[in-house]
Amino acid sequence: MTEGAPMALALEEARAAAARGEVPVGAVVTDAAGRVMARAGNEVEARHDPSAHAEMLALRAAAAGRGAKWLADATLWVTLEPCPMCAQASSLFRVRRVVFGAYDPKGGGVEHGARVLAASSCHHVPEVVGGVRESEAAALLRGFFAARR
C-alpha cells in the first residue's frame with residue numbers, strides 16, 4: 001500500500017460519515033507493513049455517544065482485532081487533527097505514528113489547544129505528521145458545516 005493510500009481510505013470514511021449526517025472525519029489504522037487493521041468514520045450522532053470519534057472507533061477495532069491493548073507498530077491516519085481525547089488515546093494505545101490531514105485550531109489536541117502529546121504527563125509520544133491531504137480534508141469539513149448554516 002502506498003503512503004497516501006491510507007489517507008485516501010480515511011477520506012472515504014469521512015465522506016461516508018458526512019452522508020450519514022456525522023461530522024466528516026475518518027480514520028484508518030495500519031500495521032507496520034501498511035496493511036489496514038481497522039477503519040471508521042465518526043458515529044457520534046448514530047450512537048448518541050460523544051466519544052464515538054473516528055479515531056476512537058478505529059483504534060478500539062484494531063486493538064480488538066489484534067487481541068492486544070497496545071498498537072506499538074501501528075499508524076493512525078485521520079482526516080482532522082485529533083482532539084485532546086483522541087490524542088490521548090493515541091498515546092494510551094501506544095501507536096507508533098499519527099498522520100492527520102486538516103489542522104484544527106479550535107478543537108485540536110496535538111498541534112493546537114491542549115497539545116496533549118507535548119505534556120510532561122504523556123508517557124508515550126507517537127511521531128506526528130500533519131497536513132497530509134490537508135486541503136481535501138479541510139474542504140470536506142468546510143462544505144459540511146456551510147451546508148448546515
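Put simply, L71 and V129 are part of two different groups of oily side chains (I, L, V, M, F, W, Y) that touch within less than 4.5 Å, one to the next. Residues L140 and F144 do not share a hydrophobic cluster, clusters being chains of Ile/Leu/Val/Met/Phe/Trp/Tyr side chains in contact below 4.5 Å. A single hydrophobic cluster is not seen to contain both L92 and W77; linkage of ILVMFWY side chains at heavy-atom distances under 4.5 Å, directly or through other members, places them apart. When hydrophobic clusters are built by joining Ile, Leu, Val, Met, Phe, Trp and Tyr residues whose side-chain heavy atoms come closer than 4.5 Å, directly or via intermediates, Y103 is not grouped with V116. By the criterion of side-chain heavy atoms lying less than 4.5 angstrom apart, applied directly or through intervening Ile, Leu, Val, Met, Phe, Trp or Tyr residues, V28 is grouped together with M7 in one hydrophobic cluster.
Counting heavy atoms from C-beta outward, D104 and H112 have side chains that stay 4.5 Å or more apart. Looking at R133 and T79, their side chains never come closer than 4.5 Å, going by heavy atoms from C-beta outward. Residues T30 and R35 are not in side-chain contact: their nearest non-hydrogen atoms beyond the backbone lie 4.5 Å or more apart. For the pair P126/L117, a side-chain contact is recorded, criterion being any heavy-atom separation below 4.5 Å from C-beta on. With a 4.5 Å cut-off on side-chain heavy atoms, V110 and V98 do not count as touching. Between V99 and L76 there is no side-chain heavy-atom pair separated by less than 4.5 Å. Side-chain contact between N42 and P24 is absent, with no heavy-atom pair separated by less than 4.5 Å. Looking at F93 and K69, their side chains never come closer than 4.5 Å, going by heavy atoms from C-beta outward.
We find the CE-SG distance between M56 and C83 to be 8.0 Å, quoted to the nearest 0.5 Å. H124 contributes atom NE2, which lies 8.0 Å from atom SG of C122 (distance to the nearest 0.5 angstrom).
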query = Between L57 and H53, is a side-chain contact (heavy atoms from CB on, under 4.5 Å) present by the stated rule, with each step listed?
reply = CA-CA 6 Å; L57 299 174; H53 291 194; over 6 Å; no
side-chain contact (heavy atoms from CB on, under 4.5 Å) between L80 and F100, worked out = CA-CA 6 Å; L80 180 64; F100 67 86; over 6 Å; no
task = Evaluate the side-chain contact (heavy atoms from CB on, under 4.5 Å) criterion for residues V95 and T75: first the C-alpha distance (whole Å), next the side-chain angles of each, then the deciding distance (0.1 Å), finally the verdict.
result = CA-CA 6 Å; V95 298; T75 298; over 6 Å; no
query = Are V23 and V44 close enough, and set up right, to give a side-chain contact (heavy atoms from CB on, under 4.5 Å), and what steps lead you there?
reply = CA-CA 8 Å; V23 174; V44 170; over 6 Å; no
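Across all their heavy atoms, P84 and G107 have their closest contact at CD-O, 3.4 Å. Between A38 and A62, the shortest heavy-atom contact is CB-N, 3.6 Å. Residues A58 and A40 share a closest heavy-atom pair of N-CB, 3.9 Å. Between A74 and M37, the shortest heavy-atom distance links the atoms CB-SD, 4.3 Å. The shortest heavy-atom contact between V128 and E111 is CG1-OE2, 4.0 Å. Across all their heavy atoms, E55 and V25 have their closest contact at OE1-CG1, 4.2 Å.
A cation-pi contact, defined as under 6.0 Å to the ring centre and within 45° of the axis, is absent between R142 and F145.
Residue pairs meeting the salt bridge (Lys or Arg N to Asp or Glu O under 4.0 Å) criterion with at least one member in residues 56-66, sequence neighbours excluded, are R66-D73.
Partners of E43 according to the side chain to side chain donor-acceptor pair (under 3.5 Å) rule, which considers only residues two or more places apart in sequence or in another chain, are R47.
In this structure a side-chain-to-backbone donor-acceptor pair under 3.5 Å is missing from E81 to A102.
Using a cutoff of 4.0 Å between basic side-chain nitrogens and carboxylate oxygens, E12 and R39 are scored as salt-bridged.
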